[in-house]
Engineer: 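The structure under discussion is supplied below as structure tokens; questions concerning it will follow.
Quick caveat, the model's predicted, so the values are computed rather than measured.
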Amino acid sequence: MSNDQAIENEIQALGLTAPRVKLDDLNANIASVEIVKHIAPSGQVLRWAVLTTRSGYAVTGRPSVSVSSENDRAELGEQIARDNARDELWALMGYALKERLAGPTDAQVERFLQWPVPPHIHPDGTPGQIGRTGTNLLDAVTARDMLQHVLAG
């Protein structure tokens with residue numbers, strides 16, 4: 001069992017339910033893994049893992065390093081490189097979650113309320129009008145609550 005899995009099991013056993021990045025979330029976000037190997041003139045073997053996320057964003061961590069090429073084992077170096085890159089992804093996903101939990105900004109609410117309503121949409125039961133923006137169904141407070149709901153998903 002990985003250390004990440006042991007920690008996940010402990011969190012679940014403690015019944016902690018506040019928003020957090022779960023191990024399954026992290027794993028589901030990794031679309032592909034590429035290992036990049038470099039051999040320095042001194043013989044040191046370095047490996048980086050490039051994790052590409054579902055969104056296409058690529059993340060790397062610190063490299064695994066074998067000071068002596070005689071000690072290099074590809075499987076071990078690749079696992080260390082993957083673990084290092086996963087550590088970086090944990091932090092990025094934590095930041096993204098915290099941003100979502102912070103809720104929409106005033107600028108996002110204003111932008112939402114200024115969205116050009118397509119002519120075929122009748123938000124208040126009246127025919128759409130060219131150039132119309134927003135809706136009379138939501139005020140800024142309600143729009144913020146709606147966006148908070150969407151972003152927290």
Engineer: Thinking salt bridges, do D72 and R47 make one under a 4.0 Å N-O criterion?
Structural biologist: yes
Engineer: Can you list the residues that meet the side chain to side chain donor-acceptor pair (under 3.5 Å) rule with R86, with sequence neighbours excluded?
Structural biologist: D4, N27
Engineer: Closer than 3.5 angstrom, by distance alone: can the side chain of Q108 be matched with the main-chain N or O of T105 as a donor-acceptor pair?
Structural biologist: yes
Engineer: Judged by atom type as modelled, is there a donor-acceptor pair below 3.5 Å linking the side chain of S68 to the main-chain atoms of E70?
Structural biologist: no
Engineer: Are the charged groups of R73 and E78 less than 4.0 angstrom apart, N to O?
Structural biologist: no
Engineer: For a quick check under 3.5 Å, do Q79 and E75 share a side-chain donor-acceptor pair by atom type?
Structural biologist: no
Engineer: Determine yes or no for a side-chain-to-main-chain donor-acceptor pair under 3.5 angstrom, with T52 supplying the side chain and G56 the backbone.
Structural biologist: no
Engineer: Please say yes or no: joined through hydrophobic side-chain contacts below 4.5 Å, possibly via intermediate residues, are L101 and M146 part of one cluster?
Structural biologist: no
Engineer: Return all side-chain donor-acceptor pairs below 3.5 angstrom for residues 30-37, not counting sequence neighbours, or 'none' if the list is empty.
Structural biologist:
none

Engineer: Out of V45, L46, N84, which one pairs with P63 under the side chain to side chain contact (heavy atoms under 4.5 Å, CB included) rule?
Structural biologist: L46
Engineer: Regarding R111 and Q114, is there a side-chain donor-to-acceptor distance under 3.5 Å anywhere?
Structural biologist: no
Engineer: Does some side-chain heavy atom of Y57 sit less than 4.5 Å from a side-chain heavy atom of V59?
Structural biologist: yes
